[in-house]
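A quick write-up on the structure given underneath.
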Amino acid sequence: MRKNIINSAVIIGAGIFGVSTGLHLARRGVNVTIINDGPPANGASGRSLSWLNSARMRSLPYHLLRVAGIDRYRTLATRYPDAHWLRFDGGLTWDAEGEGNEIEQAFDYETSIGYDAHHLTAGEVQNVTPGVDARTITSSGAIFNGGEGWVDLPHLINQMLSEFSALGGTLVTDQGKARILIEKGRAIGAGTASGARMAADAVLLATGPDVPKMVAESGATISDGTPVALLVQTKPLTHPLRAVLNTPRVAVRPAPGGALSIDADWAADEGVKIGPDGSYVIDNSVVRSLLEEASRVLEGNPELEVASIGVGGKPIPGDGEPVLGGLRDIPGYYVAFSHSGATLGLIVGELLAFEMATGADHPMLSTFRPERFSAQ
Ligand SMILES: Cc1cc2nc3c(=O)[nH]c(=O)nc-3n(C[C@H](O)[C@H](O)[C@H](O)COP(=O)(O)OP(=O)(O)OC[C@H]3O[C@@H](n4cnc5c(N)ncnc54)[C@H](O)[C@@H]3O)c2cc1C
């Protein structure tokens with residue numbers, strides 16, 4: 001293993017990126033403190049669809065990173081073959097009728113890069129994956145990606161934090177807003193809202209949707225495309241669905257305990273407003289419509305009931321690609337800001353820990369550097 005050049009690290013943010021990086025650093029023998037404003041997983045990681053995938057079209061480096069991410073989950077799944085929080089039962093997707101239907105192109109592209117994909121007619125779906133109302137599948141058919149899965153991030157984060165603590169890592173929760181401390185042009189640690197200071201050789205900003213505005217305080221720029229997102233968790237029901245469904249009007253996945261997790265961009269756009277005090281106001285009629293859309297794509301069209309609703313920013317960089325690694329102009333200051341953080345969580349933690357601990361660049365992160373925005 002390449003030698004560490006640091007002894008200590010502090011991480012702001014106990015979502016999947018912060019916790020995964022903290023655990024990988026602790027495994028390397030680095031003395032790590034993770035600071036969070038509230039309890040762990042109270043940000044995007046606590047309200048994520050967390051479909052593990054590299055479906056459809058994107059840059060090749062991003063695809064390779066996602067595939068490596070899925071690979072790490074596969075390894076984890078062999079340690080927990082009966083886990084109710086990590087499943088590889090595939091993903092099924094179809095598009096709306098009309099011009100925007102990209103099923104043919106997506107299937108051809110996925111096949112060309114060796115991504116496991118099967119183009120099915122509506123009638124074939126029931127022989128491949130259960131629980132889908134095939135009448136809702138459009139005329140160009142659906143793609144089944146058998147290598148995909150889903151994870152329950154709060155469960156994973158808690159599990160990682162147990163190992164982190166056993167390795168001597170420190171978790172500081174419910175501390176309000178922390179910030180990165182910079183002295184003489186170098187990141188030297190983090191300060192909490194109560195005035196406590198934690199010195200460290202390297203610092204990671206992993207505050208999910210808050211990364212762009214926090215990094216701006218140091219003069220750096222990260223382009224931000226973060227929307228408000230809405231995730232509905234249903235009450236448990238008995239239903240045969242196994243795959244993650246990505247359909248024109250709704251995405252649905254099984255969740256631990258027989259629940260379903262459900263989201264759609266239109267529901268967040270139409271159903272969430274910001275109130276006068278800055279809090280989110282949810283339109284229950286939109287939530288009902290979202291559940292109806294979910295019921296429509298499920299075999300037997302079951303009645304779905306809301307158990308909980310998660311609302312907040314879904315971290316998405318302005319150019320859609322992950323933002324990972326050190327700030328060129330502030331030694332010791334690292335960032336993690338990306339969509340698809342469920343798929344990327346394990347691999348990004350591993351690679352960022354490598355970079356922070358050794359000071360070396362990892363080639364898989366070379367196109368994801370934060371400085372690409374300062375160059376614009
Ligand atoms: C609705 C939805 C659907 C999604 N679907 C998928 C999907 O299907 N597949 C996929 O791979 N990904 C998906 N994602 C994306 C994925 O969930 C995120 O990329 C990932 O959870 C981000 O993790 P994070 O650690 O960067 O941020 P977060 O989980 O937001 O963690 C950041 C933490 O930092 C804390 N914090 C913020 N500011 C401060 C501060 N100043 N001081 C201290 N603590 C602070 C926050 O409270 C939070 O706990 C989805 C996300 C959403 C919201």
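All ligand and atom numbering here is 1-based and tracks the order in the structure. Every value quoted in this text rests on a predicted model; they were computed, and no experiment measured them.
Ion pairing of R58 with E321 is absent here, as no side-chain N (NZ or NE/NH1/NH2) approaches a carboxylate O to less than 4.0 Å. With salt bridges taken as basic N to acidic carboxylate O contacts below 4.0 Å, one links D319 and R372. Using a cut-off of 4.0 Å between Lys/Arg side-chain N and Asp/Glu carboxylate O, D95 and R56 are scored as salt-bridged. The pair E217-R179 does not count as a salt bridge, with every side-chain nitrogen at least 4.0 angstrom from each carboxylate oxygen. With respect to the salt-bridge test (charged N to carboxylate O, under 4.0 angstrom), the residues D210 and K177 qualify.
From the protein, the heavy atom lying nearest to atom 41 (N) of ligand 1 is A178 O, 3.0 Å. Nearest protein heavy-atom neighbour of atom 26 (O) of ligand 1: F17 CD1, 3.2 Å. Residue, atom and distance of the protein heavy atom nearest to atom 1 (C) of ligand 1 are R47 O, 3.4 Å. Protein heavy atom nearest atom 49 (O) of ligand 1, with residue, atom name and distance: N42 OD1, 2.4 Å. Atom 51 (C) of ligand 1 has its closest protein heavy atom at K314 CD, 3.5 Å.
Of all the heavy atoms of D263, the ones lying under 4.0 Å from any atom of ligand 1 belong exclusively to the side chain. Of the heavy atoms in S338, only backbone atoms (N, CA, C, O) come closer than 4.0 Å to ligand 1. Only the side chain of I12 comes within contact range of ligand 1, with a heavy atom under 4.0 Å; no backbone atom does. Contacts between S50 and ligand 1, counted as non-hydrogen atom pairs separated by less than 4.0 Å, involve the backbone only. In L49, the parts holding a heavy atom less than 4.0 Å from any atom of ligand 1 are both the side chain and the backbone. Proximity of R179 to ligand 1, defined as any heavy-atom pair under 4.0 Å, is not found for any part of the residue.
Remark: R2 is not positioned above the aromatic ring of F354, lacking an NZ or CZ atom under 6.0 angstrom from the ring centre and at most 45 degrees off the axis. Geometrically, R249 engages W266 in a cation-pi contact defined by less than 6.0 Å to the ring centre and at most 45° from the axis.
Using a 4.0 Å heavy-atom cutoff, G176 is listed among the residues neighbouring ligand 1. In this structure, M214 is part of the shell of residues with a heavy atom less than 4.0 angstrom from ligand 1. A heavy-atom separation below 4.0 Å is found between P209 and ligand 1.
Every atom of ligand 1 with a heavy atom of T343 under 4.0 Å away is listed here by number and element: 10 (C), 11 (O). Below 4.0 Å from some heavy atom of G13 lie the following atoms of ligand 1, by number and element: 33 (C), 34 (O).
Ring centers of Y80 and W85: under 6.0 Å apart, within the cut-off.
Between S48, G15, G18, G208, it is G208 that holds the heavy atom closest to atom 27 (O) of ligand 1. When the options A14, S45, G341 are ranked by their closest heavy atom to atom 23 (O) of ligand 1, first place goes to S45. The heavy atom nearest to atom 36 (N) of ligand 1, considering only I34, I35, D37, is found in D37.
With no hydrogens or angles considered, a side-chain donor-acceptor pair links Y115 and E148 at under 3.5 Å.
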Quick one: side chains of residues 238-245, donor-acceptor pairs under 3.5 Å with protein atoms, not counting sequence neighbours, listed by atom name and distance.
{"from": "H239", "atom 1": "ND1", "to": "L241", "atom 2": "N", "distance (Å)": "3.1"}
{"from": "H239", "atom 1": "NE2", "to": "E299", "atom 2": "O", "distance (Å)": "2.9"}
{"from": "R242", "atom 1": "NH1", "to": "P240", "atom 2": "O", "distance (Å)": "3.3"}

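In terms of polar-atom proximity, T207 is not counted as a contact of ligand 1, lacking any N or O under 3.5 Å from an N or O of the ligand. For ligand 1, the polar-atom distance check finds no N/O of G313 at less than 3.5 Å from any of the ligand's N/O atoms.
Applying the side-chain hydrogen bond (donor to acceptor under 3.5 Å, both in side chains) test to every pair with at least one member in residues 353-364, sequence neighbours left out, gives these pairs: E355-R369.
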